[in-house]
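Any value given below was found using the heavy atoms of this structure, including those in side chains, with hydrogens, waters and symmetry copies removed. When a residue number appears, it is its place in the shown sequence, counting from 1.
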Amino acid sequence: MLTAFARAFKTPDLRKKLLFTLGIIVLFRLGAHIPIPGVSYVNVNYCMNAAKGETGDLFGLVNMFSGGALLQLTVFALGIMPYITASIILQLLTVVIPRLEALKKEGQSGTAKITQYTRYLTVALAVLQGTGLVATARSGSLFPNCDRAGQIVPNTSIFTTVTMVITMTAGTALVMWLGELITDRGIGNGMSILMFIAIAAGFPGALWAIKQQGKIADGWVEFGAVILVGLAIVGLVVFVEQAQRRIPVQYAKRMIGRRSYGGTSTYIPLKVNQAGVIPVIFASSLLYIPALLVQFSGSQAGWATWIQEHFVKGDHPVYITTYFLLIVFFAFFYVAISFNPEEVADNMKKYGGFIPGIRAGRPTAEYLSYVLNRITWPGSLYLGLIALVPTVALVLFSANQNFPFGGTSILIIVGVGLETVKQIESQLQQRNYEGFLR
């Protein structure tokens, strides 16, 4: 691995791409520490130290994707969460709206239009989320247990509020542009790289917090145990993320003039975790809605008390069971809308391809659907178990909600890391190809 990195930096154009990507990452982390105007940075630091980085469950996911910038109310406080939400919404609408589906089939020009729509929706969502964040900071709900939470935004005038929202919206647009720059001129998918960096930035602090909360040998025993458990989880995630069911496909030979075409053998790779991390994000976002309604309604009715007891803390059996079932449901739902067996079977039939032992057309579609359902079950159960690791750690280790090895964070970090390494290796093979004999 070290040899591969050395070769990457020895290749001039690849070194330029890597250094450009590192430069964008530095800018991204710098913006995550610049506070927006109108915020009392002294009170923010006081509440951060008093709460030890803990916040309400409503902002846990967004704070993770922003690399901790949300709690500090910085320029990049919203991070890339609006872009992720906009991308998911557009992807779902593509299945529902015929116009978007037609654009998707147009190729590069249609994809460019959908990307433009995603940018517009990202800005709109950034305005909404920025407004909600400013209102939450002004009400003191961002740090529920801090006595200075209501003094984070001293000036509550309309001009100051609008300035704060515009600054955070501009920060989101800038993050989106930086991600697209990495995609065009750097290495890997830009948004995925920024997401990776934002999540990884919280790992040292979360691990050190676990060490400080430990009681055996000044916390070093708990620290070592968490590291070992984390390595085991990473190994499991890598194993499952790389696992795939390869369905063999044979293409018949065709004679065009005097030349023979086709006759090749290939396969359709169906991943065990075909849905990726999307079901976990969907389930987390959906479970935030009840707590969000209780917080902004301020009601003390029976239903509000029941939601506070069962859904806010995140360690209640009702919450855990609902979370797990939602992840399983969304795994099947997302696979169903992202992979169409009938479309794949029609394309295979059009180009003379067939699965050995399966007739072309409808039997092929039924076979693909059968295999997909069988491998989605272990994939969805795996996603649910990995997502519940922070909850189990909350009970066993008395760790805070920022337990790093588990849930959305580890899935994204491993997935993006594997994909980026594959891209670097493919570019190295293109430039430094070695045959059988050196």
Side-chain angles (χ1 to χ4, degrees), residues 61-62 65 78-132 169 172-173 175-177 179-180 183-184 189-192 194-195 268 270-271 273-290 292-293 325-351 361-362 364-366 368-369 372-373 376 379-380 383 408 412 415:
L61 188 66
V62 183
F65 280 117
L78 300 179
I80 60 172
M81 196 62 185
Y83 183 84
I84 296 172
T85 309
S87 300
I88 294 174
I89 291 174
L90 260 296
Q91 195 168 4
L92 295 176
L93 291 179
T94 303
V95 184
V96 179
I97 301 177
R99 168 63 179 164
L100 293 177
E101 189 175 2
L103 281 176
K104 186 179 180 181
K105 294 180 179 179
E106 287 182 5
Q108 188 173 358
S109 61
T111 305
K113 289 184 180 179
I114 293 178
T115 303
Q116 195 67 20
Y117 295 156
T118 306
R119 292 170 184 159
Y120 295 148
L121 185 58
T122 299
V123 174
L125 290 174
V127 172
L128 290 175
Q129 293 182 12
T131 305
T169 304
T172 302
V175 169
M176 183 171 56
W177 180 61
E180 292 180 355
T183 304
D184 294 338
N189 183 285
M191 296 301 171
S192 300
L194 295 183
M195 197 189 313
I268 301 174
L270 295 179
K271 296 181 65 176
N273 182 22
Q274 190 83 2
V277 75
I278 299 298
V280 181
I281 296 177
F282 274 14
S284 302
S285 303
L286 195 62
L287 285 178
Y288 285 154
I289 294 177
L292 190 66
L293 292 175
L325 293 177
L326 280 176
I327 290 174
V328 174
F329 167 75
F330 280 123
F332 278 93
F333 172 76
Y334 190 77
V335 168
I337 67 172
S338 62
F339 185 88
N340 189 351
E342 294 183 359
E343 184 179 349
V344 174
D346 290 341
N347 290 334
M348 288 170 54
K349 186 177 180 181
K350 186 186 301 182
Y351 294 103
R362 186 173 182 82
T364 299
E366 292 176 351
L368 289 174
S369 179
L372 196 62
N373 285 333
T376 302
S380 61
L383 275 179
T408 317
I412 291 175

Atom pairs and distances, side-chain donor-acceptor, residues 107-115, under 3.5 Å, sequence neighbours left out:
from: T111; atom 1: OG1; to: G107; atom 2: O; distance (Å): 2.8
from: T115; atom 1: OG1; to: T111; atom 2: O; distance (Å): 2.8

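- Scanning for side chain to side chain donor-acceptor pair (under 3.5 Å) contacts around R119 gives Q116, E180, with sequence neighbours left out.
- For the side-chain contact (heavy atoms from CB on, under 4.5 Å) with M195, the qualifying choice from V277, I412, N189 is I412, the only one to do so.
- L103 has its side chain within reach of Y117: a pair of non-hydrogen atoms, C-beta onward, lies under 4.5 Å apart.
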task = Check the pair D346 / K350 against side-chain contact (heavy atoms from CB on, under 4.5 Å), numbers first and verdict last.
result = CA-CA 6 Å; D346 290 341; K350 186 186 301 182; over 6 Å; no
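- Of all heavy-atom pairs between Q129 and L78, the closest is CB-CD2, 4.1 Å.
- Counting only heavy atoms from C-beta outward, the side chains of I268 and M348 approach each other to under 4.5 Å.
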request  = Apply side-chain contact (heavy atoms from CB on, under 4.5 Å) to T364 and K349, showing your working.
outcome  = CA-CA 9 Å; T364 299; K349 186 177 180 181; over 6 Å; no
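- Residues passing the side chain to side chain contact (heavy atoms under 4.5 Å, CB included) test with E101 are K105, sequence neighbours excluded.
- When the side chain to side chain donor-acceptor pair (under 3.5 Å) test is applied to E366, the partners found at least two apart in sequence or on another chain are R362.
- Of all non-hydrogen atoms in S380 and I327, the two that sit nearest each other are O-CG2, 4.2 Å.
- For L326 against A283, the heavy-atom pair with the smallest separation is CB-CB, 3.8 Å.
- Scored by the side chain to side chain contact (heavy atoms under 4.5 Å, CB included) test, T376 finds F332, V335, L372 as partners (sequence neighbours excluded).
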message = Run L270 and F339 through side-chain contact (heavy atoms from CB on, under 4.5 Å) and show every step you take.
response = CA-CA 10 Å; L270 295 179; F339 185 88; 3.7 Å; yes
Show every donor-acceptor pair shorter than 3.5 Å between a side-chain atom in residues 81-96 and any protein atom, with sequence neighbours excluded, or say none if there are none.
from: T85; atom 1: OG1; to: M81; atom 2: O; distance (Å): 2.9
from: S87; atom 1: OG; to: Y83; atom 2: O; distance (Å): 2.8
from: Q91; atom 1: OE1; to: Y334; atom 2: OH; distance (Å): 3.0
from: Q91; atom 1: NE2; to: Y334; atom 2: OH; distance (Å): 2.7
from: T94; atom 1: OG1; to: L90; atom 2: O; distance (Å): 2.6

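- Annotation: E106, atom CD; neighbour count of heavy atoms from other residues, nucleotides and ligands within 6.0 Å is above 12.
- Listed for the S369 side chain is no donor-acceptor partner under 3.5 Å among the backbone atoms of A365.
- Minimum heavy-atom separation, A331 to P279: CA-CG, 3.5 Å.
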